[in-house]
Amino acid sequence: MADLQHELHTTPEVGELPDPFPPFAAVPDAGDTPLSDPDADPLDRAHDLLAGHPVVDGHNALPRALRRLSFYDLQLGENAVGTDLPRLREGHVGALFWSLHAPTGLATGRALGATLEQVDLVRSVIRAHPEGLCPAYGAGQVIDARNCGRVAVVLGPAPATALDDSLGILRVLHSLGLRLLALAGTSWASEAGLTRFGEEVVREMNRLGVLADLSGASDATIARTLDISRTPVLCTRSAARALRPHPDNLPDELLAALGAAGGLCMVPLAAEQTGPTLGDVADHLDHVREIAGPGCVGLSGTHDSGAAHPQDLADAAGYPHLIAELLRRGWPETDITQLTWGNVQRVLRTADFAAQTAQQRREPSTATITDLDG
């Protein structure tokens, strides 16, 4: 009884409750014991680092690829795609953003239906592989999935065209698990930037906890979104335009602005955007880290998207080779653990807390595109 009374009296006050979203593994301070043996082979060191700080892949298009298959088994391995559970484990992938981008050439008005069909497919895939995959709707659940030995699946990015210019549809998609929306391709997020309705969409996304994906958006849209968003934004498929002039890559001034706003540039493993070799990808990571800062760079596999991939990075198993190259280039272990795991966790955690605060202060928006844009 005395022990029970002691426990009751030592229970922390509400204001002293621990962080509900603790990091999966603490990043050591300078001078702490290294996470890997500095004298070991770089590839062995990469595996050691990734065992504790796995990769969060910012853009994986497996749902779209699976639509073409009449049968698949991701648990045992599936040669028809670049992503399955054996290769995710070999590559130390702890979480995936599953792209819900619809196939090209859809009839007008079909984007929402195609997105909902892919949401249904994702749910079916997760149900069929409960030992390996787990849905996640925020930072805490990503950590929980990883601690249970499963790969966390975060829904998105989905195309903003699926909203059909309706904030109500945005709320419904959020209730179905959507956590990332790509703004490019709409009338309210165009080459001219965000319209008044586009700004209202971003505010409602902040209130819900849906992150903005700005890859493929115009420079004006990116700049304005950075100005008004209360949560960090992501560019899930963007490298450095200074190294390769692809339209989805970011110029240095936007990389710097993204870093200043706490956003995240997730460098894709796509040969068209970065170059044909693993070293080319590492060059882009070096550049983004230098311009935006080590806290604002991430990784995006773009596997099963139809893109050609650099050598040694053709599927989800290739990440240790890329991390080994960064170690050879002298990247500190703390920067690598931020790149693979910590930076995305920060963004997800910030979105969770910002949404909780916004929902206490702001009712759901009833604005329509006609009300704001005429």
Side-chain angles (χ1 to χ4, degrees), residues 57-75 78-85 88 93 95-130 132-138 141-142 145 150-189 201 204-205 208-213 215-217 234 236-237 300-307 316 369:
D57 185 332
H59 191 103
N60 183 284
L62 182 62
R64 185 169 63 181
L66 292 180
R67 290 171 61 89
R68 304 192 302 265
L69 305 180
S70 58
F71 174 81
Y72 52 84
D73 189 333
L74 302 180
Q75 182 67 47
E78 183 57 63
N79 291 330
V81 294
T83 309
D84 56 29
L85 286 166
L88 289 173
V93 176
L96 292 165
F97 285 86
W98 263 1
S99 168
L100 303 177
H101 279 280
T104 58
L106 286 179
T108 303
R110 274 287 294 145
L112 175 59
T115 299
L116 292 175
E117 288 168 358
Q118 291 197 74
V119 171
D120 179 65
L121 174 62
V122 168
R123 290 182 167 187
S124 298
V125 172
I126 293 174
R127 283 196 302 268
H129 302 85
L133 300 174
C134 181
Y137 308 109
Q141 290 171 324
V142 170
R150 292 187 286 175
V151 178
V153 175
V154 183
L155 278 184
T161 51
L163 301 188
D164 197 23
D165 300 334
S166 168
L167 295 177
I169 292 176
L170 171 62
R171 288 188 283 271
V172 170
L173 289 173
H174 171 265
S175 72
L176 294 175
L178 181 70
R179 292 299 180 268
L180 190 60
L181 186 73
L183 301 191
T186 63
S187 63
W188 43 264
V201 172
E204 187 66 5
M205 290 169 65
L208 293 170
V210 177
L211 293 163
D213 176 12
S215 284
L234 303 179
T236 66
R237 297 172 292 110
S300 178
T302 63
H303 296 118
D304 296 305
S305 64
I369 192 168

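Hydrogens, waters and symmetry mates play no part in the numbers below; they use all other heavy atoms, side chains included. Positions are given from 1 along the sequence. Just so it is clear, the model here is predicted, and its values are computed rather than measured.
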Has [X] got a side-chain atom pairing as donor or acceptor with [Y]'s backbone, closer than 3.5 angstrom?
X	Y	value
Arg237	Ser300	no
Asp304	Ala61	no
Arg150	Pro130	yes

Answer yes or no: is there a side-chain heavy-atom contact under 4.5 Å between [X] and [Y]?
X	Y	result
Val201	Thr186	no
Gln141	Pro135	no
Val93	Thr83	no
His303	Asn60	yes
Leu74	Leu88	no

Least distance between heavy atoms, [X] atom then [Y] atom:
X	Y	result
Val81	Ala65	CG1-CB, 4.0 Å
Thr115	Ala158	CG2-CB, 4.1 Å
Glu78	Phe71	OE1-O, 4.1 Å
Arg179	Gly209	CD-O, 3.8 Å
Ala145	Cys134	CB-CB, 3.9 Å
Gly156	Leu178	CA-CD1, 4.0 Å

- Item | Pair listing, side-chain hydrogen bond (donor to acceptor under 3.5 Å, both in side chains) test, anchored in residues 157-173, at least two apart | Asp165-Trp188, Arg171-Glu204
- salt bridge (charged side-chain N to carboxylate O under 4.0 Å, His left out) partners for Asp213, two or more places apart: none
- Message: To the nearest 0.5 Å, what is the distance between NE2 on His59 and CG on Leu96?
- Response: 11.5 Å
